[in-house]
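Heavy-atom basis, side chains included; hydrogens, waters and symmetry copies ignored. Source: prediction; values computed, not measured.
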Amino acid sequence: MITTRRRAALRAATALVTAGALIGGLAACTGSGGAPTPAESIPADGTDDGSTLTLWTRAPLEKQANLLVDAYNASHENQVELTVVPNDDYVAKVGAAAGSGGLPDLFAADIVYVPNWVEQGLFQDLSAQIDGLDYKDQINQGHLSAGTDADGKEHVLPFVLDLSMLFWNKELFAEAGLDPDKAPATMAEYADAAKKVQALGKDGVYGTATGLNCGGCLVFTWFPGIWASGEEVLSDDGRESLLANDAAKEVYDTWRDLWESGAVLPSSQDEAGPTWTAAFTEGNVGLMYYPATLLSSTPFDVGVAGIPGVDGGASTFVGGDGIGVSKDSKKTAQAWNFLTWLMSEDAQVGVLAKDNDVVSRADFADNEYAAKDERLVTINQVAAQGDTPVALNFQQAFNAPGSPWLTLVRNAVLEGTDTVDADNDGITEILAQ
């Protein structure tokens with residue numbers, strides 16, 4: 001569950017760190033030559049007057065972004081021009097545009113970056129509009145919280161949710177003598193299933209896979225097992241790593257055993273992210289932690305469940321992107337029209353759920369498309385059991401190449417060193433800066 005106390009503590013810490021930053025005073029402006037539309041003058045549904053809006057998103061969400069933009073453009077006078085940016089280039093592109101007053105009207109951001117960009121003033125304050133939504137309490141709270149600053153002002157809505165789930169290849173499970181309709185319920189059962197698929201001895205087929213040189217992949221897929229075990233990964237203020245607790249060490253030990261047993265796809269050792277799900281999608285991996293957004297493009301019968309803890313339970317990383325109106329936009333009312341449509345049934349059910357994607361509103365979880373596929377019901381239900389970790393220096397601590405988080409995992413899993421406690425301290429050093 002999302003921890004409100006942790007969010008509040010983080011906001012306070014973030015405010016202290018970012019006060020007086022270079023971009024700190026930009027929240028109240030919209031770039032040279034313009035001022036934000038007064039909140040009280042924006043209609044509840046925004047303005048649809050034939051304006052052209054610009055929108056940036058990162059490449060992993062290209063499919064959903066195209067579907068959403070196409071549907072909006074076909075049904076509105078306003079027209080959205082979408083720019084898809086390679087994932088590795090996105091942070092730099094946003095940073096350069098923010099410094100030059102060149103941000104688009106709307107831009108999406110990986111939810112782990114949202115708090116930092118909110119505090120830097122890259123998004124306009126949408127508190128009045130968001131608070132005016134009569135379904136606000138149904139919107140994914142992790143994304144709303146990530147976009148809320150130290151003063152309680154709200155800046156973003158969910159763009160596309162992406163959840164980490166346990167996927168398994170039902171055909172390979174059946175061949176290995178496993179129940180194809182039953183999910184592994186604990187870490188030990190996960191490991192046992194991987195080893196049984198490996199024991200089939202099929203050429204090019206492996207029990208499991210992951211991205212052992214991809215900090216973001218490992219955050220997305222390994223944190224939930226710790227949460228499902230009843231432990232936390234960060235302190236309340238996001239400035240201390242708790243990744244040396246007993247549950248975390250059990251996760252590392254399990255993967256160390258899987259690696260030594262040969263049940264892990266060998267290329268996982270150097271996988272930095274671009275192809276970390278490919279082998280499963282090709283039918284060559286028995287089970288793995290996998291993005292829910294890929295359900296619709298997985299070409300064979302898979303089972304889907306929440307990621308289990310050491311002794312049971314289930315959780316997920318509530319990832320994906322938040323979206324807001326940039327500080328540089330002079331079309332706030334028109335941009336808000338897109339955002340309110342994004343939260344509507346037409347978009348959430350008619351576009352996202354229809355494409356087997358997760359909806360951002362709890363009241364739409366039980367929809368006509370989910371009713372046809374129990375896996376979608378499972379994904380929507382597990383979303384309420386997940387979390388979204390937030391820290392000011394999250395990128396440096398976890399996602400960056402050679403991050404201290406990667407050092408911890410690679411030492412523990414690939415090298416088998418007894419350095420988890422010391423490596424965890426290295427993560428804290430970055431978080432506390």
Side-chain angles (χ1 to χ4, degrees), residues 2 4 7-8 10-47 51 53-57 78 94-95 97-99 101-159 321-343 360 388 390 392:
I2 299 299
T4 303
R7 296 284 183 255
L10 174 66
R11 303 298 169 219
T14 303
L16 289 173
V17 174
T18 59
L22 177 62
I23 314 176
L26 295 176
C29 68
T30 59
S32 58
T37 305
E40 62 273 13
S41 68
I42 298 177
D45 294 329
T47 300
S51 295
L53 297 165
T54 51
L55 166 62
W56 290 357
T57 188
N78 293 341
V94 169
L103 287 169
D105 296 297
L106 294 146
F107 73 103
D110 188 321
I111 202 65
V112 299
Y113 299 144
V114 165
N116 203 329
W117 287 352
V118 163
E119 294 294 344
Q120 290 181 15
L122 304 195
F123 293 105
Q124 291 186 33
D125 178 8
L126 298 176
S127 300
Q129 286 69 46
I130 294 174
D131 288 342
L133 299 172
D134 57 12
Y135 52 81
K136 177 186 174 183
D137 62 345
Q138 299 295 321
I139 299 173
N140 182 268
Q141 295 301 300
H143 280 224
L144 284 183
S145 180
T148 302
D149 67 17
D151 297 322
K153 295 178 180 178
E154 298 156 319
H155 300 77
V156 305
L157 290 169
F159 184 44
D321 285 29
I323 186 170
V325 183
S326 85
K327 68 178 181 66
D328 298 328
S329 177
K330 303 174 182 66
K331 301 173 184 176
T332 307
Q334 292 84 355
W336 180 247
N337 180 259
F338 176 80
L339 293 178
T340 55
W341 174 83
L342 179 63
M343 290 295 99
S360 299
T388 306
V390 181
L392 181 63

Apply side-chain hydrogen bond (donor to acceptor under 3.5 Å, both in side chains) to the pair Gln124 and Ser329, showing each step before the final yes or no. CA-CA 9 Å; Gln124 291 186 33; Ser329 177; 4.7 Å; no
Working to the nearest 0.5 Å, report the span between CD of Gln334 and CD1 of Ile42. 9.0 Å
Can you tell me how far apart OG1 (Thr57) and CG (Asp110) are? Round to the nearest 0.5 Å. 10.0 Å
Parallel, tilted or perpendicular, judged at 30° and 60°: which one describes the rings of Trp117 and Phe107? tilted
When Asn337, Asp105, Leu106, Thr54 are each screened for side chain to side chain contact (heavy atoms under 4.5 Å, CB included) with Lys331, the one that passes is Asp105
Minimum heavy-atom separation for Ser51 and Asn78, please, with both atom names. N-OD1, 3.0 Å
Closest non-hydrogen atom pair between Leu103 and Leu122, with its separation: CD1-O, 4.0 Å
If every non-hydrogen atom of Val325 is compared with every non-hydrogen atom of Ala335, which pair is closest and at what distance? CG2-CB, 3.7 Å
Within 6.0 Å of NZ in Lys136, more than 12 heavy atoms from elsewhere: yes
What residues, two or more places apart in sequence or in another chain, satisfy side chain to side chain donor-acceptor pair (under 3.5 Å) together with Thr340? none
Just by distance, do the side chain of Thr148 and the backbone of Leu144 share a donor-acceptor pair under 3.5 Å? yes
Atom OG of Ser326 and atom CG of Leu55: how far apart are they, to the nearest 0.5 Å? 10.5 Å
Ile130 vs Trp336, test: side-chain contact (heavy atoms from CB on, under 4.5 Å). Steps then yes/no. CA-CA 10 Å; Ile130 294 174; Trp336 180 247; 4.0 Å; yes
Pairwise distance CG(Leu126) to CD1(Ile323) - rounded to 0.5 angstrom: 10.5 Å
Return the CG to CD distance between Asp151 and Glu119, rounded to the nearest 0.5 Å. 8.0 Å
Indicate the atoms forming the closest heavy-atom contact of Met343 with Ser360, along with that distance. CE-CB, 4.4 Å
Residues that Asn140 engages under side chain to side chain donor-acceptor pair (under 3.5 Å), provided they are two or more places apart: none
Residues Phe123 and His155: closest non-hydrogen pair is O-CD2, 3.5 Å
About how many Å separate CD of Gln141 and OG1 of Thr388, when rounded to the nearest 0.5 Å? 11.0 Å
